[in-house]
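Working notes, beginning with the structure itself.
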Amino acid sequence: MGSTLLAYFLIPAVFLVQVTCFQFNFSTFQKEDESQLTLSRNSYIVLGAIQVTPDVNGGSMQNLSGRALYKKPFRLWKVNHTTIASFNTSFVLNIRNQTSPGGEGVAFLITGNSSLPDNSQGQWLGMVNANTNGSSQASVVAVEFDTRKSDDQDLDGNHIGLNINSIHSTMQVSLSNYGVNISGAKDLRVHLRYDGQKLSVFIGDNQTLVLSQSLDLSTYLPEKVFIGFSGSTSNETELNCVKSWAFSGTDIGGDRNLRWVWIIVPVASVGILVGVAMYLWLRRVYKEEDLEDQGARLQGNIEDEIKRSNLGPRRFGLKELKQATGNFNPKNKLGKGGFGTVYKGTWRNNDVAVKRVSKKSHQGKQEFIAEVTTIGHLNHKNLVKLIGWCYEKREFLLVYEYMPHGSLDKFIFCDDNKPTLQEESTLNWEQRLLIIQGVAQALDYLHNGCQKRVLHRDIKSSNIMLDSEFNAKLGDFGLARTIQEKEKTHHSTNEIAGTPGYMAPETFLISRATVETDVYSFGVLVMEVVCGRKPGNQSELNNYNNSIVNWVWDYYRKGSISGAADSRMDGDFDEKEVECVLVIGLGCCHPNPHYRPSMRTVLQVLSGEADPPQVPQERPSFVWPAMPPSFNHMDDSLRGSQLTPFTDLSGR
Ligand SMILES: *[C@@H]1O[C@H](CO)[C@@H](O)[C@H](O)[C@H]1NC(C)=O
Ligand SMILES: *[C@@H]1O[C@H](CO)[C@@H](O)[C@H](O)[C@H]1NC(C)=O
Ligand SMILES: *[C@@H]1O[C@H](CO)[C@@H](O)[C@H](O)[C@H]1NC(C)=O
Ligand SMILES: *[C@@H]1O[C@H](CO)[C@@H](O)[C@H](O)[C@H]1NC(C)=O
Ligand SMILES: *[C@@H]1O[C@H](CO)[C@@H](O)[C@H](O)[C@H]1NC(C)=O
Ligand SMILES: *[C@@H]1O[C@H](CO)[C@@H](O)[C@H](O)[C@H]1NC(C)=O
Ligand SMILES: *[C@@H]1O[C@H](CO)[C@@H](O)[C@H](O)[C@H]1NC(C)=O
Ligand SMILES: *[C@@H]1O[C@H](CO)[C@@H](O)[C@H](O)[C@H]1NC(C)=O
Ligand SMILES: *[C@@H]1O[C@H](CO)[C@@H](O)[C@H](O)[C@H]1NC(C)=O
Ligand SMILES: *[C@@H]1O[C@H](CO)[C@@H](O)[C@H](O)[C@H]1NC(C)=O
């Protein structure tokens, strides 16, 4: 309940991240608007308009050029040109008091250089000069409104054209064809649209399309550009006015956006940490009271619950297991997990692993039942097989098939503190890929393949076991929950469970596990296995920004994702495969759970039946509530299983 309250408190704070769009609207221009503009020497605001070249003002109007640009740069593209912004802009031009045959016109500019070029008067329209004409140094793409035929290349004295680093238009259209006279002292409304691929120009109140051209602006312009107007006069003059201007562009992120995230996420995290701490404390108090009570009824309960689940694994006697493990001889100890110690044993001449659930663990009973009732029913080659169980003298014991190679984490992390393991401690790429495929199959089976959907809730490398052939087997179902469709609308088991570093960012806000939070943990696991790195700072509960996910995403952003692969593989792998697998990993760790692929899709990608998911080059900010993608982008196999408020069925 604490965490629900917390979520309400957090939503408005986090929401702010979304409100980032580059836009402005000058319905008229006032003197004070000059502070938002970069105006060259001969440009100024007077009579409610930008005078791009001077209105009389006493001086000569001849042979002048000017630029009026919006002061804040606009981020046009980023990272290897893969993300390109789009925009719409509308403005009203008014060109009057022309001395025939006209001088010279104005242009809408997108430029990397806000400075007005020297000697850009006359035919150069304040756009380029004799030195920069035709060179990328000019760094300008423009739509010109040319009012004078200044050379043979000009169509006439009343045309618009598309100019790229040059006064020569790559495309021009006479507006006389549309009954429009640019310099006719009438307001000319222009609408310009760029969708990232195509530039279109519409004129008039009816927005008639007059020019449309495929254009990748990112090939000619730097990542950050200035937008605005330029104009010029020659020995002939005219008044070049812009009376209003609105601009709206997509904000594809960058510094401004990032700053929001940096501010908001930490604030949210502190809130979450406090909330989680309070919640855990309350739970503990509650549990301790509860436990006394439970003691007496425990025996009967467990028998009942396990019996009710009609399970397959056999029931062992305590004596039998003591014998199998040499009375839990420390020499037979295989490892220590979250909820107990695992011993190697021999039963009927077969090796087995016996987990002795810690009596100290408050969750012991619940985990025990969860494990027996979920895994006991399941049968899959990539799930650790539960052979049996035992509950006697308040001892909880679980018997599994023995995994000769132990858990995966020992093979993928170099631990400088520990002496090097066997020489086989470095897995090659084929083994890693096989492990990832195995875990994916196990999870797909849990999510989509068995009668009741099972959420594992604690996917991590120490819960993956390796058999003698390095096949992965998912184990440790201590936190697993089955879900039944009919339980959908009931209570929620408000429980935050899992392991820091593997938990999806929304876990703390929704306080429950979902298919998508499992997929997230799987994504982290994929990266661990490929990169041989720990998932993140384990001491932090919410290590969203300090994680392997960020680390890998950084490589991806730089276009070199395979550079993140474990150096201990000595580059001995198929780069395309590594790339594909890491991209799936990133897709699974998309901050927006709606965009994560289903395990079914993951499997299809791993087997080459489907393309890897589209993953944004820059790690998206975590925004809550998460916006669903448009319907047709949704992963079909996830539909109906998404973040709808259905419940996990608890073992209680
Ligand atoms: C700009 O503001 C004016 C007046 O407030 C409004 O009429 C016009 O629709 C706005 N333009 C855009 C593109 O939002
Ligand atoms: C530009 O306008 C078109 C048509 O109204 C619209 O579909 C598109 O989303 C707009 N783009 C931006 C960046 O505002
Ligand atoms: C422009 O023409 C108008 C009349 O059409 C006149 O009143 C005004 O003074 C002229 N301005 C300039 C700068 O010549
Ligand atoms: C920007 O334009 C000005 C004027 O033409 C020029 O002096 C300057 O070198 C240009 N800057 C860059 C970075 O090209
Ligand atoms: C400007 O450069 C273009 C090439 O981009 C060339 O065709 C044109 O003739 C040049 N114009 C002038 C006036 O030099
Ligand atoms: C546009 O109007 C101006 C002023 O009335 C006139 O001088 C010019 O010849 C006209 N141009 C065209 C192409 O009609
Ligand atoms: C705009 O369209 C309407 C009807 O569609 C037409 O009557 C009108 O003349 C048009 N105006 C212009 C300036 O083309
Ligand atoms: C401007 O110069 C052109 C030739 O470059 C000439 O034909 C024209 O008469 C001049 N106009 C004025 C107003 O001096
Ligand atoms: C403008 O330039 C033209 C030709 O370059 C020249 O004849 C004229 O005197 C100049 N006018 C002014 C005011 O500098
Ligand atoms: C862009 O991609 C190329 C390979 O396609 C790569 O060499 C280069 O480092 C990348 N640049 C950036 C800035 O990531």
Side-chain angles (χ1 to χ4, degrees), residues 21-30 33 36 48-49 65 70 86-108 117 119-142 144-194 202-203 205 207 210 220 227 232-234 236-250:
C21 178
F22 189 96
Q23 60 182 14
F24 52 81
N25 184 358
F26 299 100
S27 51
T28 173
F29 288 94
Q30 303 301 327
D33 294 330
Q36 294 185 58
S65 61
Y70 193 66
S86 56
F87 61 80
N88 289 313
T89 186
S90 311
F91 47 88
V92 170
L93 299 178
N94 189 298
I95 297 174
R96 55 173 62 231
N97 294 45
Q98 191 185 54
T99 63
S100 192
E104 289 270 340
V106 295
F108 175 78
N119 303 315
S120 57
Q121 73 274 28
Q123 62 175 332
W124 305 114
L125 290 179
M127 208 188 290
V128 292
N129 60 26
N131 294 329
T132 60
N133 179 46
S135 115
S136 61
Q137 210 190 325
S139 186
V140 63
V141 172
E144 64 169 29
F145 297 83
D146 200 336
T147 58
R148 176 171 181 174
K149 182 172 165 59
S150 32
D151 63 35
D152 292 344
Q153 291 175 336
D154 276 350
L155 199 62
D156 61 11
N158 186 39
H159 67 267
I160 69 166
L162 177 63
N163 297 24
I164 299 169
N165 289 329
S166 167
I167 200 62
H168 174 50
S169 304
T170 58
M171 193 183 180
Q172 41 184 324
V173 176
S174 173
L175 291 194
S176 300
N177 303 340
Y178 296 89
V180 171
N181 180 352
I182 299 172
S183 48
K186 286 210 182 99
D187 284 356
L188 175 61
R189 183 172 294 278
V190 180
H191 184 84
L192 223 129
R193 182 186 303 165
Y194 183 64
F202 306 82
I203 56 157
D205 296 332
Q207 300 214 356
V210 292
Y220 307 107
I227 43 180
S232 65
T233 57
S234 55
E236 309 287 350
T237 66
E238 66 194 13
L239 301 183
N240 292 311
C241 315
V242 180
K243 290 174 79 174
S244 68
W245 182 26
F247 184 96
S248 160
T250 51

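Counting starts at 1 for both ligands and their atoms, following the listed order.
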Quiz item: Q123 to ligand 5: N or O pair under 3.5 Å?
Solution: no

Quiz item: Which residue and non-hydrogen atom of the protein lie closest to atom 5 (O) of ligand 5, and at what distance in Å?
Solution: S166 OG, 3.1 Å

Exercise. List the closest protein heavy-atom neighbour of atom 4 (C) of ligand 6: residue, atom name, distance to the nearest 0.1 Å.
Key: S183 O, 4.0 Å

Exercise. Could you list the atoms of ligand 6 found under 4.0 angstrom from a heavy atom of G184?
Key: 2 (O)

Exercise. Would you indicate whether Y220, at its atom OH, is surrounded by more than 12 heavy atoms from other residues, nucleotides or ligands within a distance under 6.0 Å?
Key: no

Quiz item: With a cut-off of 6.0 Å (strictly less than), are more than 12 heavy atoms of other residues, nucleotides or ligands near CD of Q137?
Solution: no

Self-check item: Nearest neighbour in protein (non-hydrogen) for atom 11 (N) of ligand 5
Solution: N133 ND2, 2.9 Å

Quiz item: How long is the span from the CH2 atom in W124 to the CD1 atom in I167, to the nearest 0.5 Å?
Solution: 7.0 Å

Quiz item: Judged by modelled atom types alone, do H191 and S90 share a side-chain donor-acceptor pair under 3.5 Å?
Solution: yes

Practice problem: Evaluate the ring planes of F24 and F247, with Trp represented by its six-membered ring, and classify them as parallel (under 30°), tilted (30 to 60°) or perpendicular (over 60°). | Solution: parallel

Quiz item: What residue and heavy atom of the protein are closest to atom 13 (C) of ligand 6, and at what distance?
Solution: N158 CB, 3.9 Å

Quiz item: Atoms of ligand 5 less than 4.0 Å from G134 heavy atoms?
Solution: 5 (O)

Practice problem: Please report the C-alpha distance between F145 and N240 in whole Å, then the side-chain angles of each, then the deciding distance to 0.1 Å, and finally whether the side chain to side chain contact (heavy atoms under 4.5 Å, CB included) criterion is met. | Solution: CA-CA 10 Å; F145 297 83; N240 292 311; over 6 Å; no

Quiz item: So, for E104 and G122, which heavy atoms are closest and what is the spacing to 0.1 Å?
Solution: CG-O, 3.3 Å

Exercise. Give the residue and atom name of whichever protein heavy atom lies nearest to atom 14 (O) of ligand 1, and the separation in Å to one decimal.
Key: N25 ND2, 3.5 Å

Quiz item: Does some non-hydrogen atom of the protein lie less than 4.0 angstrom from atom 7 (O) of ligand 1?
Solution: no

Practice problem: Among all protein heavy atoms, pick the one closest to atom 3 (C) of ligand 6 and tell me residue, atom and distance. | Solution: N181 ND2, 3.5 Å

